[in-house]
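Along the sequence shown, residues carry numbers from 1.
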Amino acid sequence: MTRATITATILVAIFSIVSGQGIKPAPKLELNDVEGRALHLGDYKGKVVLLNFWATWCAPCRAEMPDLVKWQREYKSKGLQVIGVTYPPEELAEVREFIKSIEVNYPIALGEE
């Protein structure tokens with residue numbers, strides 16, 4: 001199975017779930033973003049939220065992020081919202097540098113232990 005096929009399958013599954021019945025509300029989640037602003041998961045009610053837990057030192061995490069940037073761009077109008085959550089401990093400067101280098105177009109929250 002190719003990476004593109006896996007990606008397409010995941011996205012179809014996500015949108016199929018959202019269009020179904022019996023969706024439960026997401027748990028309460030509040031974190032600060034890389035600019036120090038509060039990020040509340042509840043602010044994205046009605047959207048398909050893909051939480052991506054990652055770290056700057058994680059090679060597979062770094063490799064998947066360009067796809068997440070692409071999905072956010074392509075599916076935002078259909079209700080997708082990607083949110084990245086760093087795995088602690090992370091150096092804020094390193095996080096900012098990395099997300100700038102790949103032009104991340106979705107919020108990045110700083111995870112807590």
Q: Which value, rounded to the nearest 0.5 Å, describes the distance between H40 atom NE2 and K45 atom NZ?
A: 15.5 Å
Q: Please indicate whether E35 has more than 12 foreign heavy atoms, meaning atoms of other residues, nucleotides or ligands, lying under 6.0 Å from its CD.
A: yes
Q: Can you list, by chain and residue number, the hydrophobic cluster partners of Y87 when the side-chain cut-off is 4.5 Å?
A: W57
Q: Between N105 and K76, is there a side-chain heavy-atom distance shorter than 4.5 Å?
A: no
Q: How far does OH of Y106 sit from CZ of R73, to the nearest 0.5 angstrom?
A: 12.0 Å
Q: Ignoring hydrogens and angles, write down the donor-acceptor pairs under 3.5 Å from the side chains of residues 92-100, residues two or more places apart or on other chains.
A:
residue : atom : partner : partner atom : Å
E94     : OE2  : T56     : OG1          : 3.3
R96     : NE   : V34     : O            : 3.1
R96     : NH2  : V34     : O            : 2.5

Q: Tell me whether E91 at atom CD has more than 12 heavy atoms from other residues, nucleotides or ligands lying less than 6.0 Å away.
A: no
Q: Please check if L41 and I108 belong to a single hydrophobic cluster, counting links between Ile, Leu, Val, Met, Phe, Trp and Tyr side chain heavy atoms closer than 4.5 Å.
A: no
Q: Only one of V82, V104, L50, D67 passes side-chain contact (heavy atoms from CB on, under 4.5 Å) with Q72; say which it is.
A: V82
Q: Within the 4.5 Å heavy-atom criterion, are I83 and Q81 side-chain neighbours or not?
A: yes
Q: For D33, give me all partners under side chain to side chain donor-acceptor pair (under 3.5 Å), at least two apart in sequence or on another chain.
A: R37
Q: Taking atom CE of M65 and atom OG of S101, what is their separation to the nearest 0.5 Å?
A: 9.0 Å
Q: Check the hydrophobic clustering (I, L, V, M, F, W, Y; side-chain heavy atoms under 4.5 Å; chains of links allowed) and say if L31 and L51 are grouped together.
A: yes
Q: If you group Ile, Leu, Val, Met, Phe, Trp and Tyr by side-chain heavy-atom gaps below 4.5 Å, do Y44 and V48 land in one group?
A: no
